[in-house]
Amino acid sequence: MTTAIINVFLKEGVLDPQGKAAHHALDSLGFKGVKDVRIGKQIVLQLDVDKEKAEAEVKEMCETLLANTVIEDYTIEIK
Amino acid sequence: MKVAVLRFPGTNCEFDTQYAFEKLGHETALVWHEDETLPEATDLVVVPGGFSYGDYLRSGSIARFSPVMKAVKAYADNGGKVLGICNGFQILTEAGMLPGALKRNNNLHFISKYQNLCVVNNDNAFLNQCEKDEVLNIPIAHADGNYYIDDERLEKLEANGQVLLRYSDAEGNRVVVNGSVTSIAGVCNASKNVFGLMPHPERALEAILGSEDGIRMLKGFEA
């Protein structure tokens, strides 16, 4: 069994409204040292293929469906 | 005119859209997302508003893979006219049939209200009944209407006259409604046969509902 951990975030330079709201809330709560907050999502896949095959397949899944590459970047970790 | 209105699980504006085009004297057909073909002699395909597949992953991201979308893409590649309203706009951007992407509103709220819109370009099938710089009043209702496109592509969009509508005040000055790049509310593709907008023209057909400004938008396709 191979596990793929995918992290999807809005691209650098694309305003992240959720991150901004959380940053503002942290600031109101007195956490003054926070410079930036980005909120994304993590997608964990369990795959029935070996690691090498998984890598290529998961990349295709990200490009096709799991991320919108117009606005989002993604990272893949295979375990 | 023969209008095909698509239906996905979660679509909820198909009957309003059907009502609108029938009120304007057109024949309509609801087309199920699993259908692999469009009705014969279709003059216009409308991808209506709603929450296709519950917007679970991203708005419109799953609907674009429905069998019917293959037929819609082939239809558009052949020069057929396609209009995407709200969730339909999101589906068409996810499908790569329109440039850019729609993300969460900058204030994170679901925004539902009447909104002024400035007509940016009218040399297209969708807005040829409207005047350039005219201000229209059309309802909006969305959570993911924050249009994004990078600077380089925006420049091309502007140069080609693909920006159709902008959120504005009553005088036509741009206003920030949901965070959209340069207040964009609607765009079309480079060949000007695929149109997408967040506002709902099908909800602005009767004075009793607050506005009749949607009529001329939908009538534009008759010309």
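Naming: A, B, ... by sequence-line order, numbering from 1 per chain.
The shortest heavy-atom contact between Leu57(B) and Lys41(A) is O-NZ, 3.1 Å.
Counting heavy-atom neighbours within 6.0 Å of Lys11(A) NZ, excluding the residue itself, gives a total above 12. The number of heavy atoms from other shown groups lying within 6.0 Å of CG (Asp48(A)) does not exceed 12. Few gaps surround CD on Gln46(A); more than 12 heavy atoms of other groups in view lie less than 6.0 Å from it. Dense packing is recorded around CG of Asp50(A), with more than 12 heavy atoms of other residues, nucleotides or ligands lying under 6.0 Å away. Counting heavy-atom neighbours within 6.0 Å of Lys32(A) NZ, excluding the residue itself, gives a total above 12. By the 6.0 Å contact criterion, NZ on Lys73(B) is open, its count of non-hydrogen atoms from other residues, nucleotides or ligands being 12 or less. Within 6.0 Å of atom CD in Gln42(A), more than 12 heavy atoms from other residues, nucleotides or ligands are found, so the atom counts as buried in its surroundings.
With a threshold of 4.5 angstrom between heavy atoms, Asp150(B) does not approach chain A through any atom at all. Neither the backbone nor the side chain of Arg153(B) comes within contact range of chain A; no heavy atom of the residue lies under 4.5 Å from a heavy atom of that chain. Looking at Glu72(A), only its side chain comes within 4.5 Å of chain B, counting heavy atoms on both sides. No part of Lys20(A) comes within reach of chain B, as not one of its non-hydrogen atoms sits under 4.5 angstrom from that chain.
In this structure a side-chain-to-backbone donor-acceptor pair under 3.5 Å is present from Arg58(B) to Leu66(A).
When Ile43(A), Val8(A), Val14(A), Leu10(A) are compared by the number of non-hydrogen pairs under 4.5 Å with chain B, Val14(A) comes out ahead. Contact count against chain B (heavy-atom pairs under 4.5 Å) is highest for Leu65(A) among Leu65(A), Val70(A), Ile71(A).
To the nearest 0.5 Å, atoms NZ (Lys103(B)) and CG (Asn68(A)) are separated by 11.5 Å.
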side-chain contact (heavy atoms from CB on, under 4.5 Å) assessment of Phe65(B) paired with Thr64(A)
CA-CA 10 Å; Phe65(B) 293 107; Thr64(A) 315; 3.6 Å; yes
